[in-house]
Number of protein chains: 2
Amino acid sequence: MTVSRVLRNRGDVSPATREKVLEAAKTLGYVPNKIAGALASQQVNLVAVIIPSVANMVFPEVLGGISRALEETELQPVVGVTDYSPDKEEKVLYEMLSWRPSGVIIAGLEHSDASRAMLAAAGIPVVEIMDTDGAPIDAAVGISHRRAGREMGKAILEAGYRKIGFMGTKLGLDHRARKRFEGFTEALAKGGVEIQDQEFYSDGSALAKGREMTEAMMIRSPDLDFLYYSNDMIGAGGLLWLTEKGYDVPDRLGCAGFNDVQLLQGLPRKLATMDSCRQEIGRRAAEIILGRLNGDDTPTGKVELTPRINPGDTLRLS
Amino acid sequence: MTVSRVLRNRGDVSPATREKVLEAAKTLGYVPNKIAGALASQQVNLVAVIIPSVANMVFPEVLGGISRALEETELQPVVGVTDYSPDKEEKVLYEMLSWRPSGVIIAGLEHSDASRAMLAAAGIPVVEIMDTDGAPIDAAVGISHRRAGREMGKAILEAGYRKIGFMGTKLGLDHRARKRFEGFTEALAKGGVEIQDQEFYSDGSALAKGREMTEAMMIRSPDLDFLYYSNDMIGAGGLLWLTEKGYDVPDRLGCAGFNDVQLLQGLPRKLATMDSCRQEIGRRAAEIILGRLNGDDTPTGKVELTPRINPGDTLRLS
DNA sequence: ATGAAAGCGCTAACAG
DNA sequence: CTGTTAGCGCTTTCAT
């Protein structure tokens with residue numbers, strides 16, 4: 001009845017009755033039931049956001065971009081976490097889709113067949129984020145990690161480094177880290193250079209792991225002149241160790257990470273890195289959803305952002 | 001009809017029809033509509049989790065505890081973020097309650113009157129977390145930040161430090177930081193000591209801020225012999241600066257933070273700190289919700305966990 | 001073991 | 001401007 005209209009500021013309601021209803025609602029402590037509302041109106045102003053982890057520092061920033069873009073909107077983000085597991089992704093997705101959200105923002109381009117099917121069948125805008133190396137189901141916004149790896153490789157060669165070591169997460173399910181690695185080795189190969197040593201880790205405090213792995217690697221392969229880390233956290237740990245040991249960085253030895261996490265500002269030396277455009281990815285993804293929902297003819301397909309190399313203090317300039 | 005029974009493994013259904021339904025569902029890519037289900041059954045297996053921030057490192061860990069406890073359950077956490085604003089908290093809460101969750105886990109004990117009213121009226125279990133200095137609406141799990149501050153103050157005095165500086169976030173809306181500060185000054189007062197210098201910051205990279213503030217403070221008050229930081233991140237930044245400048249830590253100058261964030265493991269020196277029991281808080285909170293929902297006579301009221309001081313390398317032992 | 005019917009609390013469309 | 005009437009897609013209860 002009229003009550004519904006008042007609470008949603010819809011249609012014409014006389015200020016008098018409006019007042020009355022509002023007051024009654026307040027004194028009764030009335031909270032509308034969105035479940036019933038959603039069922040009746042067949043629309044749920046929620047955007048499902050599916051990411052691998054909240055601990056990773058990268059994703060909270062993407063989330064920030066999304067929230068900000070959705071702030072002045074009816075839409076609200078709801079996040080689900082997959083822990084980098086395709087199985088869990090499938091479950092989370094199923095769970096979220098069963099609430100009939102207005103759109104989905106999901107990290108990565110690789111999903112199980114079932115997940116892809118659900119997304120395709122959902123009949124709502126789907127934006128895959130972070131990565132553009134592959135074919136999106138609907139829309140995608142991100143960076144090309146393969147290209148990012150390649151460019152870092154190129155920059156390193158141009159700076160004159162030749163004996164290169166790599167450290168990173170186990171490359172199994174982190175597709176983006178894998179693609180960076182592939183692009184990196186590819187660029188090196190083009191310059192006739194091969195990675196001389198490499199090491200992978202799976203869990204633990206990234207800073208400490210970076211430190212340990214770096215120590216192990218420098219003992220094993222003392223003549224390395226560059227260390228490429230798959231993320232800034234292990235890179236920072238490594239750099240701390242190198243600094244303590246008195247390595248001449250970046251001349252005797254250079255190093256670089258990936259992500260440009262601002263968390264690390266304040267460390268003694270600034271690690272060379274590459275911005276992964278996290279905020280903007282979030283914002284753009286949200287905007288695409290909004291556009292689609294407004295019926296704008298937002299172009300489907302990929303939006304590829306371009307990360308820049310930030311040489312910091314640890315990459316000799318060529 | 002029968003379909004409903006199959007999908008929920010309820011009631012007696014012949015294996016034959018069961019098979020048929022399941023297959024049909026799969027080929028049709030059928031995803032049940034939880035909205036309708038929730039409306040009909042009057043129950044939503046969601047737990048609203050309301051926290052100030054996801055960027056803070058503290059809350060993701062609490063979330064981890066909650067998720068793990070809820071893993072084998074029907075319940076699913078859904079998080080809302082308040083950005084430390086009571087207004088936003090109210091909005092988020094209203095929004096979430098309108099989805100009729102089965103329970104609420106919310107950070108802190110201070111809420112607007114409206115928020116308290118909503119929580120009290122919701123008729124669902126409510127667990128306030130992180131803090132026990134105050135009166136909970138329903139149940140609470142956390143630590144006494146006042147006591148944490150007091151204990152750190154006591155430990156510092158016992159170790160013989162006397163000229164103490166404090167650095168922290170602006171104490172406006174972060175009630176827990178404020179309570180720690182109050183407890184801290186109280187303990188010092190009991191020992192006849194007063195804080196000699198203090199500085200507050202609002203935003204920016206915590207590590208960098210800690211560094212800057214420490215530098216400023218040590219220039220302004222060079223005879224300080226202890227620095228108490230309201231969190232580990234600024235503490236770590238400060239410690240890095242002190243180490244670079246060659247301060248004799250912890251003898252000439254001690255320092256300590258709060259939270260015991262594992263993120264920082266791997267820094268050259270380990271900051272003295274206090275564990276804030278984040279994981280366990282999350283787990284216990286979830287368990288209380290579960291208990292209440294199962295009708296167990298879980299005792300209402302506060303659960304106060306006891307944080308321990310971890311002296312690291314920066315607190316002289318007494 | 002299965003079908004039929006009622007209704008969850010709202011919104012949408014239409015009357016008044 | 002305001003009231004009335006149908007559902008939304010399920011679950012629940014009751015009959016078969």
Side-chain angles (χ1 to χ4, degrees), chain A residues 1-46 48 73-76 93-103 118 121-124 293-295, chain B residues 1-46 48 73-76 78 93-103 118 121-124 293 295:
Chain A
M1 42 153 114
T2 320
V3 176
S4 168
R5 285 191 264 260
V6 175
L7 273 72
R8 292 178 301 136
N9 306 306
R10 286 261 233 190
D12 304 303
V13 186
S14 79
T17 32
R18 186 191 173 71
E19 284 301 307
K20 244 190 298 183
V21 173
L22 247 32
E23 196 186 299
K26 185 157 285 179
T27 57
L28 292 176
Y30 172 78
V31 176
N33 186 330
K34 289 221 176 182
I35 304 177
L39 183 60
S41 67
Q42 300 286 32
Q43 62 159 324
V44 179
N45 290 325
L46 259 25
T73 308
E74 297 283 68
L75 296 181
Q76 279 219 332
L93 187 58
Y94 182 83
E95 204 66 29
M96 304 205 91
L97 286 181
S98 74
W99 288 101
R100 300 290 186 270
S102 293
M118 282 192 264
I124 52 177
L293 258 26
N294 290 334
Chain B
M1 44 152 118
T2 321
V3 176
S4 168
R5 285 190 263 257
V6 174
L7 273 73
R8 292 178 301 135
N9 306 309
R10 287 259 234 193
D12 304 304
V13 185
S14 79
T17 32
R18 186 191 173 72
E19 284 301 306
K20 245 191 300 183
V21 173
L22 246 32
E23 197 186 298
K26 185 159 286 179
T27 59
L28 292 175
Y30 171 79
V31 176
N33 186 330
K34 289 221 177 180
I35 304 176
L39 183 60
S41 67
Q42 300 285 34
Q43 62 160 322
V44 180
N45 290 325
L46 259 25
T73 309
E74 296 284 67
L75 296 181
Q76 280 219 330
V78 178
L93 187 58
Y94 182 83
E95 203 67 29
M96 305 207 87
L97 287 181
S98 74
W99 287 101
R100 299 293 186 270
S102 293
M118 282 191 263
I124 52 178
L293 257 27

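Just the heavy atoms: all of them, side chains too, but no hydrogens, waters or symmetry mates, feed the values below. The model shown is predicted, which means the values in this text are computed figures rather than measured ones. Every chain is numbered from 1 and lettered A, B, ... according to where its sequence line falls, protein lines coming before strand lines.
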Please confirm whether the shortest side-chain N or O distance from A:Thr17 to OP1 or OP2 of D:dC1 is below 4.0 Å.
no
So which atom in B:Pro32 and which in A:Ser98 form the shortest heavy-atom distance, rounded to 0.1 Å?
O-CB, 3.2 Å
If I compare all heavy atoms of A:Tyr30 with all of B:Tyr94, which pair ends up nearest, and what's the gap?
O-CE1, 4.3 Å
Return the set of residues passing side chain to side chain donor-acceptor pair (under 3.5 Å) with A:Thr73 (not counting sequence neighbours), or none when no residue passes.
none
Restricting to side chain to side chain donor-acceptor pair (under 3.5 Å), what partner residues turn up for A:Glu95, sequence neighbours left out?
B:Lys34
Round to the nearest Å and state the distance from [X] atom [atom1] to [N] atom [atom2].
X       : N     : atom1 : atom2 : answer
A:Trp99 : D:dG9 : CH2   : P     : 15 Å
A:Gln43 : D:dG7 : CD    : P     : 20 Å
A:Arg18 : D:dT2 : CZ    : C1'   : 15 Å

With five pairs defining each end axis, the helix from C:dA1-D:dT16 to C:dG16-D:dC1 comes out bent, to 10°, by 30°
Does the side chain of B:Gln76 come within less than 4.5 Å of B:Asn45's, by heavy atoms?
no
Would you say that B:Leu293 contacts B:Ser102 through its side chain, given a criterion of any heavy-atom pair below 4.5 Å between the two side chains?
yes
With A:Ile35, which residues qualify under side-chain contact (heavy atoms from CB on, under 4.5 Å), at least two apart?
A:Asn33, B:Ile35, B:Ala38, B:Leu39, B:Val44, B:Trp99, B:Arg100
Using the test side-chain contact (heavy atoms from CB on, under 4.5 Å), find all partners of B:Ala122 that sit at least two apart in sequence or belong to another chain.
B:Leu97, B:Ile124
Filtered N/O pairs between nucleotides 6-10 of chain C and protein, under 3.5 Å:
from: C:dC8; atom 1: O3'; to: B:Gln42; atom 2: NE2; distance (Å): 2.5
from: C:dC8; atom 1: O2; to: B:Leu39; atom 2: O; distance (Å): 3.4
from: C:dC8; atom 1: O2; to: B:Ala40; atom 2: N; distance (Å): 3.1
from: C:dG9; atom 1: OP1; to: B:Gln42; atom 2: NE2; distance (Å): 3.1
from: C:dG9; atom 1: N2; to: A:Ala36; atom 2: O; distance (Å): 3.2
from: C:dC10; atom 1: OP1; to: A:Tyr30; atom 2: OH; distance (Å): 2.5
from: C:dC10; atom 1: OP1; to: A:Asn33; atom 2: N; distance (Å): 3.2

